[in-house]
Every structure is written in C-alpha cells, then in structure tokens.
Amino acid sequence: MKILALLLAAIAGTATAADCGPDKLNTERTIVLKREGAAYGTQQHSALPLGDKEVVLTFDDGPSPENTPLVLKALADQCARATFFMEGRNLRQSPDLARRVVSEGHSAGIHSDTHPHLPTLSPEQQLDDLALSRAAYKAVFGVETPAYRFPFLEETPIMLAALKQANITVASIDMAINDWIPEDTTEILAQRLNQSLDKAGRGIILMHDANGPTAKALPTLLKVLKHKGYKVVHLEWEKAQ
C-alpha cells in the first residue's frame with residue numbers, strides 16, 4: 001500500500017508539472033520582501049524592482065465565499081500566484097477560505113477592517129480599525145501581517161506612521177482595471193487591463209476578488225497577460241520572528 005501511495009503521488013506531481021507548461025501564464029519568480037515599513041507602488045510610492053513586462057497580481061476586499069474560490073481556480077489553472085489584501089471583517093467571517101488562499105501558495109496582507117474612508121475618521125478610529133484588522137489576521141494565520149493596502153488608496157499620516165512603526169509594508173499600485181462596477185463585462189475588463197498594461201508596462205495590478213465580474217473575467221484577463229508576453233512575479237515576505 002505504501003508503494004502504491006508513493007507511485008500515485010509521483011504521478012500526481014508529474015501531472016501538476018505538466019499542467020504548468022509553457023502554454024500557461026505561470027509564475028516567473030518570487031520577490032521576498034523584508035518585514036519593514038517600506039512602501040511600493042508608483043501611484044503613490046517607489047517602484048518594486050521589476051523588469052519590463054513583469055507584473056504583480058493583487059486582489060482586494062476578500063475573502064468572498066462566492067467569488068474568491070473562482071479566482072483561486074483561475075489562478076491555479078494558469079499556475080499564477082497572487083497577493084490578497086483581506087478585510088478584517090471578512091477574515092472573521094471566512095477564516096477557512098482565507099487559510100485556503102495561503103495554502104494554495106498565495107500571500108496575504110490586510111486591507112483595513114471595514115473598508116472605511118480613513119481620512120474621515122479621527123486618529124483614534126483609524127488606529128482602532130488597524131488594530132482590529134491586525135488582530136483578525138493574526139487570529140487566522142497565527143502571525144503578524146506583513147503588508148497593508150489602504151482602502152480607496154486613501155493614505156493618512158497617522159496610519160503611515162503606525163504602519164512604519166509596526167514594520168508593515170504599504171502596498172499601493174501601479175495600475176488598475178477599475179473593477180467595481182456591477183455592470184462590467186469580461187470584454188470591458190479585458191480592454192481596461194490591455195490599456196493599463198500598454199500605459200504602465202510593468203508593476204502591481206489592482207483587482208478585487210470579492211467582485212463577481214472580476215472572478216468571472218479572470219481566466220480571460222490572465223490569458224491577456226500571457227498573450228501580451230507578461231510575466232507574473234509573486235510577492236512574499238520574510239517569516240515573522
């Protein structure tokens with residue numbers, strides 16, 4: 001029985017490797033960032049060390065029981081890895097799904113607790129929201145979060161200072177597909193991605209795994225990247241001490 005199990009495991013491994021052949025988008029390489037208060041994304045900060053036609057796939061607002069599994073399947077089908085910035089309230093509601101995201105080889109950060117407009121809140125309220133989202137992340141994953149993306153990309157001085165002090169990377173973006181309109185079609189999202197790629201040429205792409213049209217369109221969006229010759233770079237962070 002033990003020999004049979006080993007043979008089946010070897011066959012499964014061979015099939016997986018074959019599935020990730022040159023016809024798939026794949027993940028070209030991984031960048032392991034330090035756990036420090038750095039900030040990346042040229043819409044607001046410095047650029048990641050990426051070459052031409054290298055992109056980082058990122059998703060906000062999940063985990064979503066309805067849509068995140070579809071996003072995970074599309075990524076798995078193309079052997080592509082991404083970083084998911086999760087809301088604290090969704091971590092509390094769907095901890096097993098959040099852990100599934102990481103178990104499938106993706107990385108995770110936080111995206112606030114309840115997705116507020118932080119500049120409208122008092123400093124105390126902003127820090128409370130951060131504390132709640134960090135607590136939710138630690139409860140689910142057992143470690144401190146390595147990265148944070150501001151809701152609406154609305155940065156505030158009090159939050160930037162708190163994140164830097166906590167050695168949490170601020171992840172802004174380089175390009176987006178504006179995928180929050182319920183009426184968006186796969187064709188529209190693919191067109192926006194194509195335009196963003198032509199304009200930026202490289203960088204961090206913002207998408208939303210909680211958005212139904214995005215989840216539906218993702219197989220096509222990943223094929224757009226492949227067709228245009230783009231390479232996926234995965235972001236990870238050093239393990240917490």
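When all heavy atoms of His208 and Asp61 are compared, the closest pair comes out as CD2-OD2, 3.2 Å.
Of the possible polar contacts, one joining the Thr145 side chain to the Ala147 backbone as a donor-acceptor pair under 3.5 Å is found. Checked by atom type and distance alone, the side chain of Ser133 pairs as donor or acceptor with a backbone atom of Leu130 at under 3.5 Å. A donor-acceptor contact shorter than 3.5 Å links the side chain of Ser103 to the backbone of Arg100. Looking at Gln125, its side chain does come within 3.5 Å of a backbone N or O of Ser122 through a donor-acceptor pair.
In the model, Ser107 has a side-chain atom that pairs as donor or acceptor with a side-chain atom of Thr83 under 3.5 Å. No side-chain donor-acceptor contact under 3.5 Å links Arg81 and Thr30.
Considering Arg29, Lys231, Arg202 in turn, Arg29 is the only one that fulfils the salt bridge (Lys or Arg N to Asp or Glu O under 4.0 Å) rule with Glu54.
Classified by interplanar angle (parallel below 30°, tilted 30° to 60°, perpendicular above 60°), the ring pair Phe59/Phe84 is parallel.
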Atom pairs and distances, side-chain donor-acceptor, residues 150-165, under 3.5 Å, sequence neighbours left out:
from   : atom 1 : to     : atom 2 : distance (Å)
Glu154 : OE1    : His117 : ND1    : 2.9
Glu154 : OE2    : His117 : ND1    : 3.1
Glu155 : OE1    : His45  : NE2    : 3.1
Glu155 : OE2    : His45  : NE2    : 2.7
Thr156 : OG1    : Gln126 : OE1    : 2.6
Thr156 : OG1    : Met159 : N      : 3.3

Listed pairs under 3.5 Å, donor-acceptor, residues 218-226 side chains, sequence neighbours left out:
from   : atom 1 : to    : atom 2 : distance (Å)
Lys226 : NZ     : Pro22 : O      : 2.7
Lys226 : NZ     : Lys24 : O      : 3.3

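Under the 4.5 Å side-chain heavy-atom criterion for Ile, Leu, Val, Met, Phe, Trp and Tyr, Tyr148 and Ile205 are members of the same hydrophobic cluster.
Other residues, nucleotides and ligands place no more than 12 heavy atoms under 6.0 Å from the NZ atom of Lys34.
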- [ ] Could you go through the salt bridge (Lys or Arg N to Asp or Glu O under 4.0 Å) check for Arg89 and Asp113 one step at a time?
- [x] CA-CA 6 Å; Arg89 59 185 173 185; Asp113 196 63; over 6 Å; no
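Under the side-chain contact (heavy atoms from CB on, under 4.5 Å) criterion, Ile188 pairs with Asp184, Thr185, Arg192, sequence neighbours left out.
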